Novice: 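Got a structure for you, written out below as structure tokens; questions coming shortly.
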Amino acid sequence: MASDDLRATRLEKAQQLRELGINPYAYRWEVTHQAAALQEKYADLGNGETVDEQVAIAGRILNRRVFGKLAFFTLQDETGTIQLYLDKKTIQDSMADVDADAFAHLKQLTDGGDILGVKGTIKRTDKGELSVAVSEFAILTKSLQPLPDKWHGLTDVAKRYRQRYVDLIVNPDVRQTFRRRAQVTTAIRRFLSDRDFLEIETPVLQSEAGGADARPFTTYHNTLDMALYLRIATELHLKRLVVGGFERVFEIGRIFRNEGVSTRHNPEFTSIEVYWAYGDYHDMMVLTETLITTVTKEILGTLELTYQGQAVDLTPPWRRATMHELVQGATGLDFAQFATLDDAKAAAKEAGIGNLDKCDAIGRVLNEAFEQAVEPTLIQPTFVTDYPVEISPLAKPHRSKPGLVERFELFMVGRETANGFSELTDPIDQRKRFEAQAARKAAGDLEAQGVDEDFLLALEYGMPPTVGMGMGIDRLIMLLTDSPSIRDVIAFPLLKPEDREAAEE
RNA sequence: GGGUCGCUAGCUCAGCGGUAGAGCACUCGGCUUUUAACCGAUUGGUCCUGGGUUCGAAUCCCAGGCGACCCA
């Protein structure tokens with residue numbers, strides 16, 4: 001039967017309910033129990049046994065098995081499913097004054113997908129299924145759309161993302177993923193709050209995007225008649241707060257980057273940035289390690305994970321190695337020995353590193369070598385330290401290694417997961433770094449940002465020695481939920497409209 | 001950006017040049033222990049879109065759309 005016919009059938013049932021004096025879109029239902037709690041509480045109830053405890057539950061009808069004078073429904077609430085045992089005689093006796101044909105109406109006017117409220121007692125059927133033996137029921141919401149195939153569910157990936165609500169209804173794993181995501185962000189907030197970090201929200205709309213190398217989205221304020229950018233990082237505002245005297249601040253917030261879409265990239269994603277005055281990047285590596293292990297242990301109960309078939313052991317302490325050491329180990333190249341950019345490029349090319357054309361500094365050649373030869377091999381958690389200054393415009397120079405900065409990145413399963421550094425607090429040096437970025441921007445680098453004069457002014461008032469760290473929440477959730485795509489951990493990922501022409505009209 | 005694969009009923013899929021199919025869902029009938037309930041009957045289509053080849057296209061060709069995977 002066609003989609004419209006299925007919908008018409010259900011609309012007709014809603015109308016019949018109204019004619020019976022029943023509102024197919026009810027106002028409330030007194031819920032006393034949830035499915036998972038009942039399943040747990042009565043796990044030991046024997047087959048055929050009953051319990052004289054009155055319960056009231058509500059949820060969505062997933063499946064109906066209807067006989068002449070008996071029916072079994074599978075009801076799903078947020079916590080799980082439980083069977084309804086619907087016996088004609090019991091229901092007719094209990095509901096005689098409400099609806100003399102209640103059982104017939106239950107059979108005729110309900111469909112899979114409807115939201116049902118029931119009252120009854122607990123019973124484990126002869127066949128061993130824990131059930132609510134229903135005495136009274138009410139159709140709380142009439143569903144007009146048919147549910148996907150009860151056996152195969154919804155498997156079309158595009159449809160799952162476009163209609164996430166259907167995905168959530170029929171795929172319990174998806175609900176588990178988003179439940180876990182919420183648990184993780186809650187646990188992170190608790191961890192930081194316990195250590196006296198304050199969460200302060202900073203602007204999404206900015207007249208100057210900064211704090212990262214990325215193309216921003218542009219937008220427009222009508223009344224002020226000005227162009228605005230959506231933020232590409234929370235960094236520069238959080239550091240202004242440190243200047244203002246907040247010594248421990250963080251923000252979990254949405255970041256927008258105008259770049260491609262892939263299994264690891266969504267144009268809007270969630271980051272956490274943490275700033276801690278009077279600490280350096282060694283302190284932050286310890287804090288990052290402690291934060292991730294504490295949260296993981298709390299949520300998963302173990303530090304030994306499996307990600308897409310790979311074993312990942314988060315037991316601390318995690319490996320720490322400099323970028324130079326790792327590149328030398330993988331390629332044999334010692335970047336400290338190169339006197340000129342051309343020498344570095346020639347040697348890197350010799351070692352099989354490609355994509356070097358755009359590298360305008362030895363540090364960028366080193367970074368290419370790292371990304372190509374080392375990054376994919378870092379499966380177990382690894383802090384890579386001491387980055388070239390050229391690719392780290394906001395980090396403080398290394399206290400003993402010229403040309404490097406005090407920076408770390410955390411890699412797990414071959415992916416960058418966190419990035420931190422001793423923050424650059426010298427306003428004059430920061431201006432030079434910004435100007436170098438601005439020159440790149442002027443030369444056509446769409447990911448380079450300009451000079452943020454107000455941030456420089458803030459630094460001139462004086463920022464205490466501070467360490468900062470940023471982490472991609474989505475990538476962390478991917479790891480903790482064993483999700484292959486970032487779209488599996490974002491409830492509503494960006495998709496192109498299904499019908500381009502219709503969308504453009 | 002390149003390559004490969006996919007798009008057929010509400011859902012899951014078959015059909016690959018000769019009348020558009022199945023299971024589930026829906027509708028009707030039967031049924032008081034089912035759990036992918038079962039039995040019987042019926043119903044349901046822009047075969048992603050547009051163009052081309054052909055007597056004839058879901059099927060072959062070209063272009064486009066959306067998506068998945070791999071590569072950069």
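Residue numbers begin at 1 in each chain, while the letters A, B, ... track the order of the sequences. Since this is a predicted model, take the numbers as computed values, not measurements.
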Novice: Using the P atoms only, state how far rU59(B) lies from rG40(B), rounded to an integer number of Å.
Specialist: 35 Å
Novice: What are the residues of residues 164-177 of chain A, sorted by number, that bring a heavy atom to within less than 4.0 Å of RNA chain B?
Specialist: none
Novice: Strictly by Watson-Crick or wobble contacts shorter than 3.5 Å, is anything paired with rG1(B), and which nucleotide is it?
Specialist: rC71(B)
Novice: At under 4.0 Å between heavy atoms, what does Thr263(A) touch on the DNA or RNA strands: base, sugar-phosphate, or nothing?
Specialist: sugar-phosphate
Novice: Less than 4.0 angstrom from a charged side-chain N to a carboxylate O is my criterion; do Asp167(A) and Arg164(A) meet it?
Specialist: yes
Novice: Any ring pair (Phe, Tyr, Trp, His ring centres under 6.0 Å) involving residues 320-358 of chain A? Give me the pairs, sequence neighbours left out, ordered by first then second residue.
Specialist: Phe335(A)-Phe338(A)
Novice: Quickly work out the Gln145(A) CD to rG10(B) P distance and round it to whole Å.
Specialist: 11 Å
Novice: Round to a whole Å and report the spacing from CZ of Arg64(A) to P of rU35(B).
Specialist: 16 Å
Novice: Looking for any heavy atom pair under 4.0 Å, which part of the strands does Arg160(A) touch: base, sugar-phosphate only, or nothing?
Specialist: nothing
Novice: Quick one: list whatever passes side-chain contact (heavy atoms from CB on, under 4.5 Å) with Gln380(A), sequence neighbours left out.
Specialist: Val312(A), Asp313(A)
Novice: Given rG67(B), rU33(B), rG10(B), identify the nucleotide with an atom nearest to the side chain of Phe72(A).
Specialist: rU33(B)
Novice: Could you list the donor-acceptor pairs under 3.5 angstrom formed by side chains in residues 57-71 of chain A, with sequence neighbours left out?
Specialist:
residue: Arg60(A); atom: NH1; partner: Gly113(A); partner atom: O; Å: 2.8
residue: Arg64(A); atom: NH1; partner: Lys107(A); partner atom: O; Å: 3.3
residue: Arg64(A); atom: NH1; partner: Thr110(A); partner atom: O; Å: 3.0
residue: Arg64(A); atom: NH1; partner: Thr110(A); partner atom: OG1; Å: 2.7
residue: Arg65(A); atom: NH1; partner: Thr74(A); partner atom: OG1; Å: 3.4
residue: Arg65(A); atom: NH2; partner: Gln83(A); partner atom: OE1; Å: 2.9

Novice: Side chain of Arg65(A), heavy atoms from C-beta onward: which of rU32(B), rA37(B), rU27(B) has the nearest atom to it?
Specialist: rA37(B)
Novice: For RNA chain B, whose closest nucleotide is more 5', that of Asn63(A) or that of Gly112(A)?
Specialist: Gly112(A)
Novice: Students often get this wrong, so: under 4.0 angstrom with heavy atoms, is Lys107(A) touching a base, only sugar-phosphate, or nothing?
Specialist: nothing
Novice: For residues 78-114 of chain A, pull every pair meeting ring pair (Phe, Tyr, Trp, His ring centres under 6.0 Å), keeping only residues two or more places apart or in separate chains.
Specialist: Phe72(A)-Tyr85(A)
Novice: Can you pull out every ring pair (Phe, Tyr, Trp, His ring centres under 6.0 Å) where at least one residue sits in residues 148-167 of chain A? Sequence neighbours excluded, please.
Specialist: none
Novice: Return the value, rounded to whole Å, for the distance between atom CZ of Arg487(A) and atom C1' of rC69(B).
Specialist: 12 Å
Novice: Pull out every residue in residues 348-365 of chain A that has a heavy atom closer than 4.0 Å to any atom of RNA chain B, ordered by number, or say none.
Specialist: none
Novice: Which residues pass the side-chain contact (heavy atoms from CB on, under 4.5 Å) test with Glu268(A), sequence neighbours left out?
Specialist: Arg254(A), Phe256(A), Asn266(A)
Novice: Just jot down the side-chain contact (heavy atoms from CB on, under 4.5 Å) partners of Thr32(A), sequence neighbours excluded, or say none.
Specialist: Val55(A), Ala56(A)
Novice: Scan residues 359-387 of chain A for pairs that pass salt bridge (charged side-chain N to carboxylate O under 4.0 Å, His left out), counting only residues two or more places apart or in two chains.
Specialist: Asp360(A)-Arg364(A), Asp360(A)-Arg440(A), Asp386(A)-Lys401(A)
Novice: Check nucleotides 11-13 of chain B for protein N or O atoms closer than 3.5 Å to its own N or O atoms and list the pairs.
Specialist:
residue: rC11(B); atom: OP1; partner: Lys159(A); partner atom: NZ; Å: 2.5
residue: rC11(B); atom: O2'; partner: Asp149(A); partner atom: N; Å: 3.0
residue: rC11(B); atom: O2'; partner: Gly153(A); partner atom: O; Å: 2.9
residue: rC11(B); atom: O2; partner: Asp149(A); partner atom: OD2; Å: 3.2
residue: rU12(B); atom: OP1; partner: Thr155(A); partner atom: N; Å: 3.2
residue: rU12(B); atom: OP1; partner: Thr155(A); partner atom: OG1; Å: 3.4
residue: rU12(B); atom: OP1; partner: Asp156(A); partner atom: N; Å: 3.2

Novice: If I pick the C1' atom on rC13(B) and the same atom on rU8(B), what distance separates them, to the nearest angstrom?
Specialist: 9 Å
Novice: Pick the P atom in rC61(B) and in rC70(B), then give their distance to the nearest Å.
Specialist: 26 Å
Novice: For rC16(B) versus rG3(B), give the span between their P atoms, rounded off to a whole number of Å.
Specialist: 28 Å
Novice: My understanding is that a pair needs two contacts under 3.5 Å, Watson-Crick or G-U wobble. By that rule, which nucleotide pairs with rG23(B)?
Specialist: rC11(B)
Novice: Under 4.0 Å from any atom of RNA chain B, heavy atoms only: list the residues of residues 81-106 of chain A that qualify, in numerical order.
Specialist: Gln83(A), Tyr85(A), Asp87(A)
Novice: To the nearest angstrom, how far is Arg10(A) atom CZ from rA25(B) atom P?
Specialist: 12 Å
Novice: Can you tell me how far the CG atom of Leu326(A) sits from the OG1 atom of Thr377(A), to the nearest 0.5 Å?
Specialist: 7.5 Å
Novice: Check the distance between rG67(B)'s C1' and Leu494(A)'s CG and give it to me in whole angstrom.
Specialist: 14 Å
Novice: Looking only at atom C1', what distance separates rU54(B) and rC7(B), rounded to whole Å?
Specialist: 25 Å
Novice: Between rA37(B) and rG65(B), how far apart are the two C1' atoms, rounded to whole Å?
Specialist: 42 Å
Novice: Sticking with atom C1', work out how far rU27(B) lies from rA14(B), rounded to a whole angstrom.
Specialist: 25 Å
Novice: May I have the distance from Ile486(A) (atom CD1) to rA68(B) (atom P), rounded to whole angstrom?
Specialist: 13 Å
Novice: For atom C1', what is the distance between rC47(B) and rG15(B), given to the nearest Å?
Specialist: 11 Å
Novice: Tell me the interatomic distance from Arg162(A), atom CZ, to rC7(B), atom P, rounded to whole angstroms.
Specialist: 17 Å
Novice: With a 3.5 Å limit on both atom pairs, tell me what rG50(B) is paired to, counting Watson-Crick and G-U wobble, or say none.
Specialist: rC62(B)
